[in-house]
Amino acid sequence: MRSSLSQTSAHQPSSNAPLTDRYKRLATWLLFIFVLIACSIRTEVTPYQLVVGLPQMGSLLQEMFPPDWSYLPTIWGPMLETIQIAIMGTTIGGLLAIPVALLCAYNIMPNRWISIPMRMILNLVRTIPDLLFAAVFVAMFGIGPFAGMLALVFFSFGIIAKLTFEAIEAIDPGPLEAMTAVGANRIQLIIFGVMPQALPYFVSYFLYTFEVNVRAASVLGLVGAGGIGLLLDRALGLFRYDRASIIILLTLAIVLMIDYGSAVIRRKLL
């Protein structure tokens, strides 16, 4: 009798566990739906707003097409400047991110008095949007591509350092333990143990950030940070949507080419 009672009590938790998981999933979905509805009410996102705006969207598209192809020679120079801003900003930011990522990784820098402040600096840098960086640097250094390049340096630094130190913390600890056992110092661990494993991920993050920076550099001109954004702002201000469309199409073509080249390099590395 006692054994049967014990068996019955042993089976009760297993029978209640699926029911508890079901309630948790239901509560999670209800919470998600509640948050979604609350956000839509707060931001006035309703199907009515979409239906009302569709005719205006259609009229805007009509003004954008056909694009003004005669404007294409005018935008080649600023577009090249945009790409150059993205190249310089991504390269400098990526190089600065390497030592910071090593200092942030707990498996490389176990001293929390160093790694935690570095992570806080990264969080601060990633909190500030690139347009705000550009506006600040335009106020400091004047209108031009130099301000846009500095904005992308900080933007690239924050993204690449964050992703890289997470990749460093996920590397295989076996080679590091073996090198430590034979007496390797910290520099040798980084060069021969960490870099070979983290380098493919770093290059992948670098290429992704460069792709993002080309699009970002196209918008930085709206605050005077150089590049194609200056012409885009001018075209929108004059209601020349046919010129704005050719700028958008050229930016799209360049981004697609960069994305294809980045995908080929990622496949070879990873």
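Residue indices begin at 1 and follow the sequence shown.
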Arg243 side-chain N/O to Ala235 backbone N/O, donor-acceptor pair under 3.5 Å: no
Quiz item: cation-pi between Arg126 and Phe155, 6.0 Å / 45°: no
Calculate, to the nearest 0.5 Å, the distance between atoms CD1 and OH belonging to Ile159 and Tyr205 respectively. 12.5 Å
Please tell me if the side chains of Val203 and Pro200 come closer than 4.5 Å, counting only heavy atoms from C-beta onward. no
Using a 4.5 Å cut-off on heavy atoms from C-beta on, say whether the side chain of Thr251 contacts that of Ile254. no
Let me confirm one number: the CG-CZ distance from Leu150 to Phe133, rounded to the nearest 0.5 Å. 10.5 Å
Should Ile85 and Leu80 be counted in the same cluster of Ile, Leu, Val, Met, Phe, Trp and Tyr side chains packed under 4.5 Å apart? no
Those residues at least two apart in sequence (or on a different chain) that pass salt bridge (charged side-chain N to carboxylate O under 4.0 Å, His left out) with Glu211 are Arg215
To check you understand the geometry: which heavy-atom pair defines the closest contact between Ala101 and Phe165, and what is its length? O-CB, 3.2 Å
Taking the side chain as C-beta and beyond, is there a heavy-atom pair between Met118 and Leu122 under 4.5 Å? no
Determine the minimum heavy-atom distance between Asp242 and Pro66, stating which atoms define it. CB-O, 3.7 Å
Strictly under 6.0 Å, is that where the ring centroids of Phe146 and Phe137 end up? no
Under 4.5 Å between side-chain heavy atoms, hopping through other hydrophobics if needed: is there a path connecting Leu252 to Ile246? no
Is there a chain of hydrophobic side chains (I, L, V, M, F, W, Y, each step under 4.5 Å between heavy atoms) that links Ile228 to Met257? yes
Please report the interatomic distance CD1(Ile160) to OG1(Thr209), rounded to the nearest 0.5 Å. 4.0 Å
Does the side chain of Leu231 come within less than 4.5 Å of Ile247's, by heavy atoms? yes
Student check: side-chain heavy atoms of Phe154 and Ile128 closer than 4.5 Å: no
How long is the straight-line distance from OH of Tyr208 back to CG of Asp259, given to the nearest 0.5 Å? 10.5 Å
For the CG atom of Leu152 and the CG atom of Leu220, what is their distance to the nearest 0.5 Å? 5.0 Å
Where do Gly93 and Ser156 come nearest, in terms of heavy atoms and distance? CA-CB, 4.2 Å
For the atom pair CD1 (Ile33) and OG1 (Thr28), what is the distance rounded to the nearest 0.5 Å? 11.0 Å
Hydrophobic clusters here meaning ILVMFWY residues chained together by side-chain heavy-atom distances under 4.5 Å, can you tell me if Met149 and Leu131 are in one? yes
Would you list the pairs meeting side chain to side chain donor-acceptor pair (under 3.5 Å) in which at least one residue belongs to residues 74-103, sequence neighbours left out? Thr90-Asn213
Ile116 and Tyr106: side-chain contact (heavy atoms from CB on, under 4.5 Å), yes or no, with the steps? CA-CA 9 Å; Ile116 292 180; Tyr106 288 152; 3.9 Å; yes
Polar side-chain atom of Ser40 near backbone of Ile37 as donor-acceptor pair, under 3.5 Å: yes
Under 3.5 Å, is there a donor-acceptor pair between the side chain of Asn123 and the main chain of Arg119? yes
If hydrophobic clusters are built by linking Ile, Leu, Val, Met, Phe, Trp and Tyr wherever their side-chain heavy atoms come under 4.5 Å apart, do Ile75 and Trp69 end up in the same one? yes
So which heavy atom on Ala161 is nearest to which on Ala97, and how close? N-CB, 3.6 Å
Count the heavy atoms of every other residue, nucleotide or ligand shown that sit under 6.0 Å from CE of Met88, and state whether that count exceeds 12. no
With Val255 as partner, the option from Leu250, Val212, Val214 fulfilling side chain to side chain contact (heavy atoms under 4.5 Å, CB included) is Val214
Nearest atoms (heavy-atom pairs only) where Tyr201 meets Ala167: CB-CB, 4.0 Å
Evaluate whether atom CD1 of Ile143 has more than 12 neighbouring non-hydrogen atoms of other residues, nucleotides or ligands under 6.0 angstrom away. no
Looking at every non-hydrogen atom in both residues, tell me the closest pair between Cys104 and Ser115 and how far apart they are. O-CB, 3.9 Å
